[in-house]
Student: 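My structure is below; once you've seen it, I'll send some questions.
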Amino acid sequence: MTEVAELLRSRIRDVPDYPEPGVMFKDITPLLADPTAFTALTESLAELCTAYRATKIVGLEARGFILAAPVAVRSGVGFIPVRKAGKLPGATLAQAYELEYGRAEIEVHAEDLAPDDRVMVIDDVLATGGTAEASVQLIRRAGAQVAGVGVLMELSFLGGRQRVEPSLDGAPLEAILTL
């Protein structure tokens, strides 16, 4: 494991039985509170955006916003929030997706994306992959290209990669940490 990965892993706190019994929540707030760790994470994700020639960065609500905004600034590209349905004003493009226990919907302002945009999706965690898969579909429906997906951590035991990769059509899915 690299020095950066060790630093990041050391700043993620396990919270047992949250939000429900049997779940081990991965709390990134200690990482965000540590300027060295947060900077290292921002730099690592920005390097992915540069390597895959992203022109825009999509951040997924809500923790994805915290990571994606500084990555966009560091990369010198625009930031586009992808929000839960009903949270964006004006005209939006929506994408519904299946959750483990129901359905959800995300939205984006489609006018913020153009056909020549290469969009990198940034989020804190890849779990079951539903939100990441829906965001990739939403970006394509808005007419833009998917440069890739970058996450702080992938919870490999939940199978999100297997769900998302077919929708990527060869675009990369990169995780800084795989747990």
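Position 1 is the first residue of the sequence; numbering continues from there.
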Student: Identify whether Val4 and Val125 are in the same connected component of the hydrophobic contact network (ILVMFWY, side-chain heavy atoms under 4.5 Å).
Tutor: yes

Student: I'd like to know if Phe79 and Leu32 are part of one continuous hydrophobic network [Ile/Leu/Val/Met/Phe/Trp/Tyr, side-chain heavy atoms within less than 4.5 Å].
Tutor: no

Student: Strictly distance-based, threshold 3.5 Å: is any side-chain N or O of Arg163 a donor or acceptor partner for the main-chain N or O of Ala127?
Tutor: no

Student: Looking at Arg83 and Glu107, is there a salt bridge between them, counting it only when a charged N and a carboxylate O are closer than 4.0 Å?
Tutor: no

Student: So, do Val146 and Asp169 sit near enough that their side-chain heavy atoms are less than 4.5 Å apart?
Tutor: no

Student: Specify the closest pair of heavy atoms between Glu111 and Ala91, including all atoms of both residues, with the distance to one decimal.
Tutor: OE1-O, 4.0 Å

Student: What are the two closest heavy atoms between Ser135 and Leu60, and how far apart are they?
Tutor: CB-CD2, 3.6 Å

Student: If only atom types and distance count, is the side chain of Lys87 paired as donor or acceptor with the main-chain N or O of Val82 below 3.5 Å?
Tutor: no

Student: Would a single hydrophobic cluster contain both Phe65 and Met120, if residues Ile, Leu, Val, Met, Phe, Trp and Tyr are joined by side-chain heavy-atom contacts under 4.5 Å?
Tutor: no

Student: Hey, what do you get for CD1 (Ile122) to CG (Leu41), rounding to the nearest 0.5 Å?
Tutor: 9.0 Å

Student: Do the side chains of Val136 and Leu168 get nearer than 4.5 Å, heavy atoms only?
Tutor: yes

Student: side-chain contact (heavy atoms from CB on, under 4.5 Å) between Arg74 and Glu43: does it pass, once the steps are laid out?
Tutor: CA-CA 8 Å; Arg74 176 67 182 94; Glu43 290 294 325; 2.7 Å; yes

Student: Nearest 0.5 Å, what's the CD1-OH distance between Ile106 and Tyr97?
Tutor: 6.0 Å

Student: Look at Arg161 together with Glu154 and state whether they make a salt bridge at an N to O cut-off of under 4.0 Å.
Tutor: yes

Student: Quick one: CG on Asp34 to OG1 on Thr39, what's the gap to the nearest 0.5 Å?
Tutor: 8.5 Å

Student: The test is side-chain contact (heavy atoms from CB on, under 4.5 Å); show your working for Glu174 and Leu48 and say whether it passes.
Tutor: CA-CA 8 Å; Glu174 300 275 355; Leu48 294 177; 3.6 Å; yes

Student: After noting the C-alpha distance and the side-chain angles of Ile57 and Leu45, does the key distance pass the side-chain contact (heavy atoms from CB on, under 4.5 Å) rule?
Tutor: CA-CA 11 Å; Ile57 294 175; Leu45 292 171; over 6 Å; no

Student: Does any non-hydrogen side-chain atom of Asp27 lie less than 4.5 Å from one of Asp14?
Tutor: no

Student: Find out if a path of hydrophobic residues (ILVMFWY) with successive side-chain heavy-atom gaps under 4.5 Å connects Phe157 to Ile12.
Tutor: yes

Student: Is Arg63 salt-bridged to Asp123, going by a charged N under 4.0 Å from an acidic O?
Tutor: no

Student: Distance check, rounded to the nearest 0.5 Å: Arg9 atom CZ versus Thr178 atom OG1?
Tutor: 8.0 Å

Student: Using a 4.5 Å cut-off on heavy atoms from C-beta on, say whether the side chain of Met153 contacts that of Leu8.
Tutor: no

Student: Are side-chain heavy atoms of Pro16 and Phe25 found at a separation under 4.5 Å?
Tutor: no

Student: Measure the shortest side-chain to side-chain distance between Tyr18 and Val23 over non-hydrogen atoms and say whether it is less than 4.5 angstrom.
Tutor: no

Student: If we only count heavy atoms from C-beta on, is the Val151 to Asp124 side-chain gap below 4.5 Å?
Tutor: no

Student: To the nearest 0.5 Å, tell me how far Thr128 OG1 sits from Glu133 CD.
Tutor: 9.5 Å

Student: How far apart are the C-alpha atoms of Leu179 and Lys26, what are their side-chain angles, what is the distance that settles it, and do they pass the side-chain contact (heavy atoms from CB on, under 4.5 Å) test?
Tutor: CA-CA 10 Å; Leu179 308 175; Lys26 301 295 185 182; 3.9 Å; yes

Student: Can you tell me how far the OG1 atom of Thr29 sits from the CD1 atom of Ile66, to the nearest 0.5 Å?
Tutor: 9.0 Å

Student: Between the side chain of Asp117 and the main-chain N/O of Val119, is any donor-acceptor distance below 3.5 Å?
Tutor: no

Student: Between Ser167 and Val164 (side chain of the first, backbone of the second, donor and acceptor by atom type, cut-off under 3.5 Å), is there such a pair?
Tutor: yes

Student: Which heavy-atom pair separates Arg13 from Pro30 by the least distance, and what is that distance?
Tutor: CB-CG, 4.0 Å

Student: Examine Ile80 and Leu88 and state if one hydrophobic cluster contains both, with Ile, Leu, Val, Met, Phe, Trp and Tyr joined whenever side-chain heavy atoms are less than 4.5 Å apart.
Tutor: no

Student: Taking Ser75 for the side chain and Ala72 for the main chain, is one N or O donor matched with an acceptor at less than 3.5 Å?
Tutor: no

Student: Is the backbone of Tyr52 close enough, under 3.5 Å, to the side chain of Arg118 for a donor and an acceptor to pair up by distance?
Tutor: yes

Student: Flag the pair Val121 / Ile139 as yes when at least one side-chain heavy-atom distance between them is below 4.5 Å, and no otherwise.
Tutor: yes

Student: On a heavy-atom basis, which atom in Leu126 and which in Gly160 lie closest, and how many Å separate them?
Tutor: CD2-C, 4.0 Å

Student: Give me the atom names and distance for the closest heavy-atom approach of Leu177 to Ala5.
Tutor: CD2-O, 3.5 Å

Student: To check you understand the geometry: which heavy-atom pair defines the closest contact between Ile176 and Ser44, and what is its length?
Tutor: CD1-CB, 3.8 Å

